[in-house]
Amino acid sequence: MKRPLLFLLTAALTGCAPRHSVSGRIAGLTNDTLQIASCAIADIPDLEDDSDERITYDTVVAENGRLAYDISVEQPTLLVITPVQLMESSRGKRYSTYTSDMKLFLAPGERVKLKGRIDSTVFDCMLSGTRLNEDHSEHYRELRTFWIEGERLQNAMAGKSRTEQEALYEQFQQVTDRRRACEMNYIAANPDNPLAGYCLRQIPVDSVLSYYGRLGDAACNSIFRPLIGPLLSKAEKRRQVLLAKTRIVPGEPAPDFTLKRPDGTDFRLSSLRGKYVVLDFWGSWCGWCIKGFPEMKRLYAIYKNRLEIVGIDCRDTPEKWLAAIGEHQLPWVNVRNPEDTPSAEDVSVRYAVESYPTKVLVDPEGRIVGKFAGEGPDFYEKLAEALK
């Protein structure tokens, strides 16, 4: 199960002594090179990808299995240590797996000791030196069986028939559900432990608000507070989407909205009364969104006297949005739904958008005809029926 290094962290290793930021021994190394990645915990919510400059990577030699690493941290920092022998390669890039690394947390002035062993594809570690890291490594041992089983099931899918893959994926989902239940049980049993706040990131977003409500001050205001704030915003947005789903149904009024066009002027949905309108929620990062453009252009050229398409760009920077409009030569109304818009004003939330692309067909009176997730024939059949 290949995994991006988005949550990994920085380093340098040599001999082992208590004075080092991270020290310890690792048994079973056949390759004495380790990768260490580091990032300030406060920066994690805003990371774009593995190449983000706020992530620092190092490769270090642990001679005879001895680890000694020094890092100067000015704020709480997440580190991930990965033995290179456990990393997988794809397209010239190395990846860690869910069983090949160990995370630890370091605040200014803290020191952590590590006792690890390589067992096949698993990096088994225990941490000491701070209560948080001790609790984290003990809890991770509870989760490790789920990661190992999940990785086994994913690897087993290779070369199997579609039916066999679907059966294995169902088993994988069951393992994932059990792992999440383990995280939720930990939060419920340890509401005052700072690690419970970190565990919030590993549970279904639909459960975040209720489990956050169980946390004590020590968990809410720990070094993980920068992670919790954005997570709560995401959970609240999800709650609003679920509420909106009951209103985005055929026959109901399409919520009016105002968004900016590329030239900075306002566009208001209600200005298109008298025409059929397709609201196309898309993004330049969405491959299926792009695949639908040719057919949409063909229909728009035929019906543009009776039909208007409103492309609502989501999760893009202004630069990427404008570049995509030009690259794909989108001839209809184009507006942008800013990512940092509050939930109550976010158009994607008001239309209960859960995946991309999502298209909403609105009739000339401003009522919803249908909502269509994904790029499939059902939307085009419904549009043709409405315009015939």
Side-chain angles (χ1 to χ4, degrees), residues 3 5 7-29 32-41 44 56-58 60 62 64-73 75-87 96-119 121-148 179 182-183 186-187 189-190 192-202 218-219 222-224 227:
R3 182 176 62 160
L5 299 175
F7 302 112
L8 310 189
L9 320 177
T10 160
L13 319 174
T14 50
C16 183
R19 69 179 181 277
H20 298 291
S21 304
V22 182
S23 60
R25 292 185 66 96
I26 302 172
L29 285 174
D32 57 11
T33 302
L34 308 176
Q35 175 179 272
I36 303 181
S38 65
C39 180
I41 291 174
I44 290 174
T56 302
Y57 295 95
D58 243 328
V60 202
N64 300 315
R66 294 179 179 274
L67 165 63
Y69 168 59
D70 287 302
I71 181 173
S72 176
V73 299
Q75 55 184 312
T77 298
L78 170 66
L79 290 82
V80 179
I81 301 174
T82 310
V84 169
Q85 73 189 65
L86 297 182
M87 299 181 78
S96 65
T97 71
Y98 282 104
T99 60
S100 69
D101 61 38
M102 189 64 200
K103 296 183 180 70
L104 60 90
F105 313 102
L106 208 61
E110 289 183 339
R111 293 181 175 84
V112 176
K113 297 195 72 172
L114 176 153
K115 183 178 181 181
R117 172 177 291 278
I118 308 296
D119 182 9
T121 62
V122 179
F123 185 24
D124 185 10
C125 271
M126 290 301 291
L127 303 174
S128 61
T130 72
R131 175 65 183 275
L132 175 60
N133 283 296
E134 290 170 6
D135 291 346
H136 166 62
S137 62
E138 288 179 7
H139 179 52
Y140 187 75
R141 276 195 162 179
E142 293 182 76
L143 300 172
R144 187 174 290 119
T145 56
F146 302 115
W147 292 125
I148 292 172
R179 176 178 56 78
C182 182
E183 299 277 23
Y186 187 91
I187 295 170
N190 303 275
D192 294 311
N193 190 317
L195 188 62
Y198 183 74
C199 290
L200 280 177
R201 303 181 72 241
Q202 311 301 326
S222 72
I223 64 172
F224 301 120
L227 305 182

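Along the sequence shown, residues are numbered consecutively beginning with 1.
For CZ of R117, the number of neighbouring non-hydrogen atoms (other residues, nucleotides, ligands) closer than 6.0 Å is 12 at most. Counting non-hydrogen atoms of other residues, nucleotides and ligands closer than 6.0 Å to CZ of R131 gives a total of 12 or fewer.
H20 has its side chain out of reach of Y69: every pair of non-hydrogen atoms, C-beta onward, lies at least 4.5 Å apart. For the pair D124/D119, no side-chain contact is recorded, criterion being any heavy-atom separation below 4.5 Å from C-beta on. Using a 4.5 Å cut-off on side-chain heavy atoms (C-beta onward), R25 and K115 make no contact. Under the 4.5 Å side-chain criterion, counting only non-hydrogen atoms from C-beta, I118 is in contact with L29. Looking only at side-chain heavy atoms (C-beta outward), L143 and R179 come within less than 4.5 Å of each other. Put simply, the side chain of Y140 reaches to within 4.5 Å of the side chain of M102, judged on heavy atoms. Side-chain contact between I41 and F105: present, with at least one pair of heavy atoms (C-beta onward) separated by less than 4.5 Å.
T33 places no side-chain N or O within donor-acceptor distance of the main-chain N or O of V84, the cut-off being under 3.5 Å. T99 contributes no side-chain N or O that, together with a main-chain N or O of V122, makes up a donor-acceptor pair within less than 3.5 Å. Under the 3.5 Å distance criterion, the side-chain polar atoms of N133 are left unmatched by any main-chain donor or acceptor of L104. A donor-acceptor pair under 3.5 Å is absent between the side-chain atoms of S96 and the main chain of M87, judged by distance alone. Between the side chain of E110 and the backbone N or O of A107, at least one donor-acceptor pair lies under 3.5 Å. The main-chain N or O of V80 is never found under 3.5 Å from a side-chain atom of T82 such that the two would form a donor-acceptor pair.
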**OP:** Quick one: do H139 and C182 satisfy side-chain contact (heavy atoms from CB on, under 4.5 Å)? Show the steps, please.
**Re:** CA-CA 9 Å; H139 179 52; C182 182; 4.3 Å; yes
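Remark: N193 pairs with D135, Y186, N190, L195 by the side chain to side chain contact (heavy atoms under 4.5 Å, CB included) rule, at least two apart or across chains. By the side chain to side chain contact (heavy atoms under 4.5 Å, CB included) test, P194 pairs with L132, S222, sequence neighbours left out.
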